[in-house]
Asks: 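Supplied in structure tokens, the structure appears directly below.
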Amino acid sequence: MTTDPGHWVALARSADLGAKPLRVMWEGEPLVLFRSAQGVAALSDRCPHRFVELSKGKVVEGEIECPYHGWRFGGDGACTAIPGLCEALPPLRVRRFRAVEHEGAIFVASGTPEGQPYSHCLAGQKIVTRVVRSSTRSTLIDAAENILDATHTHFTHKGVLRGLSAKRYRVKVEVTGGPGWVEASYEGEEEQHGLISKLLEGARMKTVGRFLAPGIAELEYWGPKGMVLATSFHLRQADADTVEGVGWLAGPHQGGLGHLKALFFKPLFRVALEQDRRVLASARANAVPGQKPVIGPLDFLRRDIAKILDGEMPAAAAAPRVHYIEL
């Protein structure tokens, strides 16, 4: 039996963290991110003296200073100064979290993961990327399923992703999975009848929607010559009612054409993101405490995502499934 070593979790974009400290929430726990003398640091956002938010202080010479009494802490969490003290410093420290800056984002470790964090499926290739962030009132499983759900796009994203035409295609959906992942591959839809596809894509060969532990929802769009677009959203439960995410929008460089496409893709993506935010917030506000939602016949990934979040093997790992739907 193997033990899960943990995961890297994206908490912020690199662009979000400047000279000032940044407060972020992660599963109800407040953290402060700041640029220390040794690089990006992540500490519990509570001064041990009187529990004041360290993020409301300032960074001085690579250390974070509490705004209440001026106590300072280094990137390793150790107390380095107590103004007015004439004796030796007591061995005080704030809880420290492993943190790295990678691919335009700041990741914090849950457990002891090895290697560099995973960012997106096109990492290491000649591509154009944009890093975005989001926040919505929801749960992680609802937000992840929303990103990976193809059938809501005709309604929630009418005209943006699908819905410009009434035409639908008979699509084959193959669901497969393994330790910590599950995906659905859609083949048979020649194109999506929406603005994003019209502006940025040609013929469509397949679409892949994938969930990766601990909370990554990833979409791949493939044309005859390979992958043409990809989105990878790293989601986390900030508190009981809020899901926050850091996402990568990526596409081939195409000799500079990719930069031109990015000018259109990012604003259109933000439109779709706002549409999802509204519907997720509505669902959360209207939910009945204790009542579980119905899992419909087209909700191909819901049960598998739930198993992964519970640390179990998804059913698709042992029994891949094939469905046919109209998109």
Side-chain angles (χ1 to χ4, degrees), residues 10 103 105 118-123 125 127-134 136 138 140-154 156-157 160-163 169 171-177 181-213 215-223 226-235 243 245-252 258 261-262 264-277 279-280 298-302 304-305 308 316 325 327:
E103 292 276 347
Y118 174 82
S119 54
H120 56 83
C121 57
L122 290 172
Q125 301 181 40
I127 56 173
V128 175
T129 61
R130 296 292 185 269
V131 186
V132 298
R133 61 177 175 173
S134 69
T136 188
S138 187
L140 195 153
I141 190 170
D142 286 335
E145 187 190 33
N146 169 266
I147 292 171
L148 301 176
D149 171 31
T151 60
H152 81 291
T153 55
H154 290 280
T156 305
H157 305 300
V160 178
L161 295 178
R162 289 185 175 91
Y169 300 93
V171 174
K172 179 182 179 182
V173 186
E174 294 185 82
V175 181
T176 55
W181 68 275
V182 65
E183 71 177 33
S185 179
Y186 298 77
E187 294 186 23
E189 185 181 24
E190 296 175 7
E191 64 176 332
Q192 281 187 0
H193 292 287
L195 281 175
I196 288 181
S197 292
K198 294 292 185 185
L199 290 171
L200 304 179
E201 289 188 81
R204 173 72 61 83
M205 298 300 292
K206 69 176 178 178
T207 304
V208 179
R210 180 183 304 112
F211 181 81
L212 301 166
I216 303 172
E218 194 161 63
L219 292 171
E220 299 175 357
Y221 301 94
W222 290 76
M227 199 184 304
V228 294
L229 288 173
T231 65
S232 296
F233 243 95
H234 293 234
L235 306 170
V243 172
V246 175
W248 281 262
L249 318 178
K261 287 184 175 181
F264 294 98
F265 188 28
K266 189 172 180 179
L268 285 172
F269 181 84
R270 288 196 176 280
V271 170
L273 196 64
E274 180 58 32
Q275 291 169 335
D276 278 333
R277 184 182 292 116
V279 74
L280 285 169
L298 302 182
D299 299 333
F300 303 129
L301 300 180
R302 178 84 181 200
D304 287 313
I305 293 174
I308 291 170
I325 64 173
L327 275 180

Asks: With Arg277, which residues qualify under salt bridge (charged side-chain N to carboxylate O under 4.0 Å, His left out), at least two apart?
Replies: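 Salt bridge (charged side-chain N to carboxylate O under 4.0 Å, His left out) list for Arg277, sorted by chain: Glu274.
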Asks: Identify the two heavy atoms, one from Ala213 and one from Ile308, that lie closest to each other, and give their separation to 0.1 Å.
Replies: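 Distance-wise, the nearest heavy atoms are CB-CG2, 3.8 Å.
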Asks: So which atom in Leu327 and which in Tyr186 form the shortest heavy-atom distance, rounded to 0.1 Å?
Replies: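 Leu327 and Tyr186 have their closest heavy atoms at CD1-CD2, 3.9 Å.
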Asks: Can you list everything that forms a side-chain contact (heavy atoms from CB on, under 4.5 Å) with Val131? Sequence neighbours excluded, please.
Replies: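 Partners of Val131 under the side-chain contact (heavy atoms from CB on, under 4.5 Å) test: Arg13, Val246, Trp248.
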Asks: For a side-chain contact (heavy atoms from CB on, under 4.5 Å) check, start with the C-alpha distance between Thr156 and Asp276, then their side-chain angles and the critical distance, and finish with the verdict.
Replies: CA-CA 7 Å; Thr156 305; Asp276 278 333; 3.9 Å; yes
Asks: Does Phe211 form a side-chain contact (heavy atoms from CB on, under 4.5 Å) with Leu301? I'd like the steps, not just the answer.
Replies: CA-CA 8 Å; Phe211 181 81; Leu301 300 180; 5.7 Å; no
Asks: Under the side-chain contact (heavy atoms from CB on, under 4.5 Å) test, which residues partner Ser138, sequence neighbours left out?
Replies: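 With sequence neighbours excluded, Ser138 shows a side-chain contact (heavy atoms from CB on, under 4.5 Å) to Thr136, Asp142, Ala143, Val243, Leu280, given in chain and number order.
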Asks: Measure the CG-OG1 distance between Asp299 and Thr151 for me, rounded to the nearest 0.5 Å.
Replies: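 With rounding to 0.5 Å, CG (Asp299) is 6.5 Å from OG1 (Thr151).
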Asks: So, using side-chain hydrogen bond (donor to acceptor under 3.5 Å, both in side chains) as the criterion, who are the partners of Glu145 when residues are at least two apart?
Replies: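 Residues passing side-chain hydrogen bond (donor to acceptor under 3.5 Å, both in side chains) with Glu145: Arg302.
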Asks: Of all the heavy-atom pairs spanning Val171 and Gly188, show the shortest one and how long it is.
Replies: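 Minimum heavy-atom separation between Val171 and Gly188: CG2-C, 4.2 Å.
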Asks: When you compare the side chain of Asp149 with that of Phe300, does any pair of heavy atoms fall below 4.5 Å?
Replies: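 Of all side-chain heavy-atom pairs linking Asp149 with Phe300, none is under 4.5 Å.
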Asks: Out of curiosity, Thr231 OG1 to Leu219 CG, how far, rounded to the nearest 0.5 Å?
Replies: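 Here the rounded value is 4.0 Å.
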Asks: Whether the side chain of Thr153 engages the backbone of Ala150 through a donor-acceptor N/O pair (distance < 3.5 Å, no angle test) should be reported.
Replies: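 Indeed, once roles are kept as given, a pair shorter than 3.5 Å links the two residues.
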Asks: Applying side-chain contact (heavy atoms from CB on, under 4.5 Å), name anything that partners Ile216, two or more places apart in sequence or on another chain.
Replies: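 With sequence neighbours excluded, Ile216 shows a side-chain contact (heavy atoms from CB on, under 4.5 Å) to Tyr118, Leu212, His234, given in chain and number order.
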Asks: Does a side chain donor of either Trp222 or Glu220 reach within less than 3.5 Å of an acceptor in the other side chain?
Replies: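 Side-chain D/A pair, Trp222 to Glu220: present.
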Asks: Would you say His152 and Asn146 make side-chain contact, with heavy atoms under 4.5 Å?
Replies: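 Sidechains of Asn146 and His152: in contact.
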Asks: Assess whether side-chain contact (heavy atoms from CB on, under 4.5 Å) is satisfied between Leu235 and Ile147, documenting all intermediate values.
Replies: CA-CA 11 Å; Leu235 306 170; Ile147 292 171; 4.1 Å; yes
Asks: Between Met227 and Leu229, what is the shortest heavy-atom contact and its length?
Replies: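 Heavy-atom minimum between the residues: CG-O, 3.6 Å.
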Asks: Do Leu273 and Phe233 have side chains that get closer than 4.5 Å, going by heavy atoms?
Replies: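 Yes, at least one pair of side-chain atoms sits under 4.5 Å.
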Asks: Do the non-hydrogen side-chain atoms of Val182 and Ile305 ever get within less than 4.5 Å of each other?
Replies: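 Side chain of Val182 against side chain of Ile305, heavy atoms only: contact under 4.5 Å found.
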Asks: Walk me through whether Leu122 and Thr129 qualify under side-chain contact (heavy atoms from CB on, under 4.5 Å).
Replies: CA-CA 9 Å; Leu122 290 172; Thr129 61; over 6 Å; no
Asks: Sort out for me which residue in His120, Glu218, Glu103 forms a side chain to side chain donor-acceptor pair (under 3.5 Å) with Ser232.
Replies: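 For Ser232, the side chain to side chain donor-acceptor pair (under 3.5 Å) check succeeds only for Glu218.
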Asks: Of all heavy-atom pairs between Arg270 and Arg133, which one has the smallest distance, and what is that distance?
Replies: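 Of all heavy-atom pairs spanning Arg270 and Arg133, the closest is NH1-O, 4.3 Å.
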Asks: In chain order, what residues pass the side-chain hydrogen bond (donor to acceptor under 3.5 Å, both in side chains) check against Ser119, with sequence neighbours excluded?
Replies: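 If we apply the side-chain hydrogen bond (donor to acceptor under 3.5 Å, both in side chains) test to Ser119, skipping adjacent residues, there are no hits.
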Asks: For Ile127 versus Ala250, what's the shortest heavy-atom pair and its separation?
Replies: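 Minimum heavy-atom contact is CD1-CB, 4.2 Å.
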